[in-house]
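In what follows, a structure is listed as structure tokens, so that the remarks can point back to it.
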Amino acid sequence: MIQKTVIAAVLAMLLITPLQAATQYRKPGAAVELLAPRVIQLVAGESQEITLNFSAPKPGRSLELQLVKISGVQLLTNESSWQFDGEPAQITLRLAASTPGKYRLQFMATTWPRDNPEETLVRALGVAAVVSGTVGQQKLSGEPVSRKLEIRSDGTRTVQFMAEETIR
């Protein structure tokens, strides 16, 4: 009976410890997070002002946010780099997109102690941009397309999409 209890306890420790370690682990780097929004919605052909909120740097540290990569979306704001000292980091961008689709804005966050600027920590942060609008006469909304998967008798898989064609 004691052996079964000991074995059960050891098994429980082996199973629980990796799970706890995985939830407590944080990748080394700047202690900065994108708070909101993680996904921004834009309309093709229109410019829009977006406010992004990042966590404040730890006490005694400064924070620099730099927009390092932007694809499919135009930045209409003159600034692409911002610095914060202790206060919550909030930036406002004016963005525009001409083509519907899903795009990404990538920021590089760098923190350093105010008394030692050479001790830097860095973290990459991303924001998804979903651009909705029209292409020709087809409306794109970023919603998934419904489709039907068919498995034939020989094992091949086919996907059927609905389509309309106008011949002039």
Side-chain angles (χ1 to χ4, degrees), residues 14-147 149 159 161-164:
L14 290 174
L15 293 173
I16 292 172
T17 304
L19 294 175
Q20 288 174 339
T23 59
Q24 294 171 357
Y25 175 76
R26 180 166 172 97
K27 187 176 177 179
V32 178
E33 292 182 46
L34 174 64
L35 299 176
R38 292 180 188 260
V39 177
I40 55 176
Q41 303 287 331
L42 301 171
V43 177
E46 296 180 12
S47 69
Q48 191 171 340
E49 196 168 275
I50 302 294
T51 300
L52 299 173
N53 296 300
F54 297 85
S55 61
K58 289 185 174 183
R61 295 186 76 87
S62 295
L63 166 66
E64 178 184 27
L65 289 169
Q66 186 174 13
L67 181 59
V68 292
K69 187 175 181 184
I70 185 168
S71 63
V73 179
Q74 281 184 301
L75 177 65
L76 303 177
T77 309
N78 290 334
E79 287 183 280
S80 63
S81 181
W82 303 265
Q83 282 197 346
F84 303 92
D85 283 319
E87 72 271 8
Q90 184 178 68
I91 61 173
T92 302
L93 304 172
R94 179 158 289 280
L95 302 171
S98 58
T99 308
K102 295 179 182 178
Y103 305 104
R104 182 175 178 85
L105 284 72
Q106 186 172 344
F107 292 88
M108 191 64 63
T110 307
T111 64
W112 62 91
R114 290 188 201 118
D115 59 348
N116 187 4
E118 286 151 23
E119 248 184 68
T120 61
L121 294 172
V122 179
R123 180 170 307 280
L125 302 163
V127 179
V130 178
V131 180
S132 62
T134 58
V135 175
Q137 295 187 2
Q138 178 186 8
K139 176 141 174 97
L140 298 177
S141 64
E143 295 177 15
V145 177
S146 62
R147 57 187 174 183
L149 176 65
V159 178
F161 293 94
M162 296 299 297
E164 292 181 19

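Residue Gly72 comes nearest to Ala97 through the heavy atom pair O-CB, 3.7 Å, listed as atom of the first residue, atom of the second, then distance. Of all non-hydrogen atoms in Ser98 and Ala44, the two that sit nearest each other are O-CB, 3.9 Å. Across all non-hydrogen atoms, the minimal contact from Ser55 to Ala89 is O-CB, 4.3 Å.
From Thr111, atom OG1 reaches atom CD of Glu119 across 10.0 Å, with rounding to the nearest 0.5 Å. The CD1 atom of Ile50 lies 5.0 Å from the CD1 atom of Ile40; values are rounded to the nearest 0.5 Å. Note that CG of Leu67 and CE of Met108 are 11.0 Å apart. Values are rounded to the nearest 0.5 Å. Atom CD of Gln90 and atom CG of Leu35 lie 10.0 Å apart (nearest 0.5 Å). If you take CZ on Arg61 and CG on Leu63, they are separated by 10.0 Å, rounding to the nearest 0.5 Å.
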Exercise for the section: Could you give me the CA-CA distance, side-chain angles and deciding distance for Leu65 and Leu52, then say whether side-chain contact (heavy atoms from CB on, under 4.5 Å) is met? Expected result: CA-CA 11 Å; Leu65 289 169; Leu52 299 173; over 6 Å; no
Practice task
I would like to know whether Thr99 and Val131 meet side-chain contact (heavy atoms from CB on, under 4.5 Å); could you show each step before the answer?
Solution key: CA-CA 7 Å; Thr99 308; Val131 180; over 6 Å; no
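The salt bridge (Lys or Arg N to Asp or Glu O under 4.0 Å) contacts involving residues 35-49 comprise Glu49-Arg94, where partners must be two or more places apart or lie in separate chains. Applying the ring pair (Phe, Tyr, Trp, His ring centres under 6.0 Å) rule to pairs touching residues 40-61 yields Phe54-Phe107, sequence neighbours excluded. Under the side chain to side chain donor-acceptor pair (under 3.5 Å) criterion, the residue pairs touching residues 67-86 are Ser62-Asp85, Glu64-Ser81, with sequence neighbours excluded.
In this structure, Thr120 contributes its side chain and Thr110 its backbone to no donor-acceptor pair below 3.5 Å.
Within the 4.5 Å cutoff, no side-chain heavy atoms of Gln48 are placed close to those of Leu95.
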